[in-house]
Amino acid sequence: MKTFAAIDVGSYELAMKIFEISGKNGIKEIDYIRHRIDLGTDTFATGKISNERVDELCRVLRDYGEIMKSYRVDSYKAYGTSAIRETDNRMIVLDQIAQRTGITIDVLSNSEQRFLNYKSIASIGDAFNRIIEKGTAIVDIGGGSIQVSLFDKDTLVTTQNMRLGVLRLQDRLSRLNIRPEQKEGMLDEIISSQLAVFKKLYLKDRVIENIIVVDDYVSAVVGKNVAGLEQTSVEASAMDKFLQRVRTKSVQEVSRILGMPEENVSLLFISGVLINRISKVMDAKLIWVPGMTLCDGIAYEYAEQSKLIKPDHDFEQDIIACAQNISKRYMGSRRRGETLEKIALTIYDSMKKVHGLGNRERLLLRIATLLHDCGKYISLVNLGECSYNIIMSTEIIGLSHVEREIVANIVKYNHMDFDYYEAMGRDIALTRENYLTIAKLTAILKIANGLDRSHKQKFRNIKTTLKEQQLIITVDGSLDITLEKGLFVKRAEFFEEVYSVRPIIRQRS
């Protein structure tokens, strides 16, 4: 059994959950500590976290450190989200925290943060798997933005981020100098304009029956005998009843009834309006508020990586499904992508002893094969640059910003001459390890692309053998591969430069 602490440095709250994790009993929460700290208002209004907020943050984190010692925590993970991610003085703040508290905070990219929230819901198990069998949207409401992820028949169809977070909306309303009774109408206008675009682009004829909500406010009051929200799973119309009750009472009354700090009541109302408006746009029937938090997702990932639990859901397949849908949006050929994927992974697996990369890099190569020519949607001439820009501008749930940069560069240099470290480093910040990963995976994709140059899937069934300093690629003898052999030489040269292994095409007699 392991004792684990998950710390979420959020936009409006600093939360820590202590868990006991074992193979026999799974993940069990044993303590939940929360401290209200308004980092988001500083960041979203001024671009920086003030010294006073940093002092408060360090003081509370030192207290959390003492609590971890009292529980004899085996391991911890602390993550910062949008308030820290978007602050201009991020590196300075993180260094101060590490020096003054001994706690290291890693900053999640938006897609990593949403993926962990998604894992927190999936950790519930059967209930989650049953719900996503039908058309389902996960609505993840944060301080700075919301993430809407659509599922259809267990598969992630799309995920999109909108800057409609509760703190950001509250800040925008405070600048408008409006009367209290105008607040809801103004919120509705701001929200509806962005949701109309989302509906036009991504909903179309899609039927969404269920909405799963992840937030810090509505989730906190579910089950507290509030009109319409007595249970974690309610009819969508219940949100109207709940908002009506909040709307007709004073902040002090709502605070007392719900056992919630008065300053949170405004954010609760904004979150409720968001959920209500989204459910109406999607014409959803059911809203499920499981009450899970980012801390639960952090614990789930730790347990998964430590092999203390076996996941019920295939999260890697969700990332692949996301890439497939991006490819489809930019008119990519599914058959060609699958052929490239098969060739590239065959080569990757046969080169394990040489490249020294792992399962995560194998996943990045798979994504690169699926998105290998997305840039042709914009330009057939500047294919590499356009593909790079599309990938860097499109969120792939579950990938960090650095991993997306790696995929984008693999696809870019599949179509262009490779830039060496000094030249590539002028444009983007890359570690030596990131650069070598790009080089190794690009070399494999170039070979795979060369083997299917005619786009006729001739090399769908190949065998590869690593023999001394040669990678022997064996193909069907009945095929005419004159074109592929002629264009193979230059790609083979780069592969040999990277691996000191020469790829050779042989046909079966």
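All heavy atoms count here, side chains included; hydrogens, waters and symmetry mates do not. Numbers here simply count residues along the sequence, with the first being 1.
- R100 contributes no side-chain N or O that, together with a main-chain N or O of C58, makes up a donor-acceptor pair within less than 3.5 Å.
- Here E20 does not pair with K2 in a salt bridge; the nearest charged N to carboxylate O distance is not below 4.0 Å.
- Residues V9 and T81 form no side-chain contact, since every pair of their non-hydrogen atoms from C-beta on lies 4.5 Å or further apart.
- Looking only at side-chain heavy atoms (C-beta outward), E13 and D38 stay at 4.5 Å or farther from each other.
- With hydrogens and angles disregarded, no donor-acceptor distance shorter than 3.5 Å links the side chain of S145 to the backbone of G165.
- Taking the ring axis of F4 as reference, the NZ or CZ atom of K77 does not stay both within 45° of it and closer than 6.0 Å to the ring centre.
- Salt bridge D240/R245: absent, no basic N to carboxylate O contact under 4.0 Å.
- With respect to the salt-bridge test (charged N to carboxylate O, under 4.0 angstrom), the residues E341 and R366 qualify.
- Every residue meeting the side chain to side chain contact (heavy atoms under 4.5 Å, CB included) condition with A83, not counting sequence neighbours, appears here in chain and number order: S11, L39, T43.
- Salt-bridge check for D42 with K48: failed, with every basic side-chain N at 4.0 Å or more from each acidic carboxylate O.
- Listed for the T101 side chain is a donor-acceptor partner under 3.5 Å among the backbone atoms of I103.
- Here R59 does not pair with D55 in a salt bridge; the nearest charged N to carboxylate O distance is not below 4.0 Å.
- Between S50 and V54, every side-chain heavy-atom pair lies at or beyond the 4.5 Å cut-off.
- Using a cut-off of 4.0 Å between Lys/Arg side-chain N and Asp/Glu carboxylate O, D140 and R114 are scored as salt-bridged.
- Two rings, from Y300 and F19, have their centers 6.0 Å or more apart.
- The pair K412-E385 meets the salt-bridge criterion, since a charged nitrogen lies less than 4.0 angstrom from a carboxylate oxygen.
- Counting only distance, with no hydrogens or angles, the side chain of Q96 and the backbone of V93 share no donor-acceptor pair below 3.5 Å.
- For S271, the side chain to side chain donor-acceptor pair (under 3.5 Å) partners are D215, not counting sequence neighbours.
- Under a 4.0 Å N-O distance rule, the pair R360/E316 does not qualify as a salt bridge.
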Test side chain to side chain donor-acceptor pair (under 3.5 Å) applied to N434 and T431, step by step: CA-CA 5 Å; N434 296 153; T431 65; 3.0 Å; yes
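- Counting heavy atoms from C-beta outward, D31 and K17 have side chains that stay 4.5 Å or more apart.
- A donor-acceptor contact shorter than 3.5 Å is absent between the side chain of T87 and the backbone of R90.
- Checked by atom type and distance alone, the side chain of D296 pairs as donor or acceptor with a backbone atom of T293 at under 3.5 Å.
- At least one donor-acceptor pair closer than 3.5 Å links the side chain of T136 to the backbone N or O of K134.
- Screening residues 254-275 for salt bridge (charged side-chain N to carboxylate O under 4.0 Å, His left out) gives R36-E263 as the qualifying pairs, with residues at least two apart or on separate chains.
- Side-chain atoms of E56 and H35 form a donor-acceptor pair, as typed in the model, at a separation below 3.5 Å.
- Judged purely by atom type and a 3.5 angstrom limit, Y64 uses its side chain to pair as donor or acceptor with the backbone of L14.
- Side-chain contact between M282 and L150: present, with at least one pair of heavy atoms (C-beta onward) separated by less than 4.5 Å.
- At least one side-chain heavy atom of Y12 sits less than 4.5 Å from a side-chain heavy atom of L267.
- A donor-acceptor distance shorter than 3.5 angstrom exists from the side chain of E403 to the backbone of S400, with no hydrogens or angles considered.
- Between E338 and R334, at least one side-chain N (NZ, or NE/NH1/NH2) sits under 4.0 Å from a carboxylate O, which counts as a salt bridge.
- For the pair Q305 (side chain) and Y302 (backbone), a donor-acceptor distance under 3.5 Å is absent.
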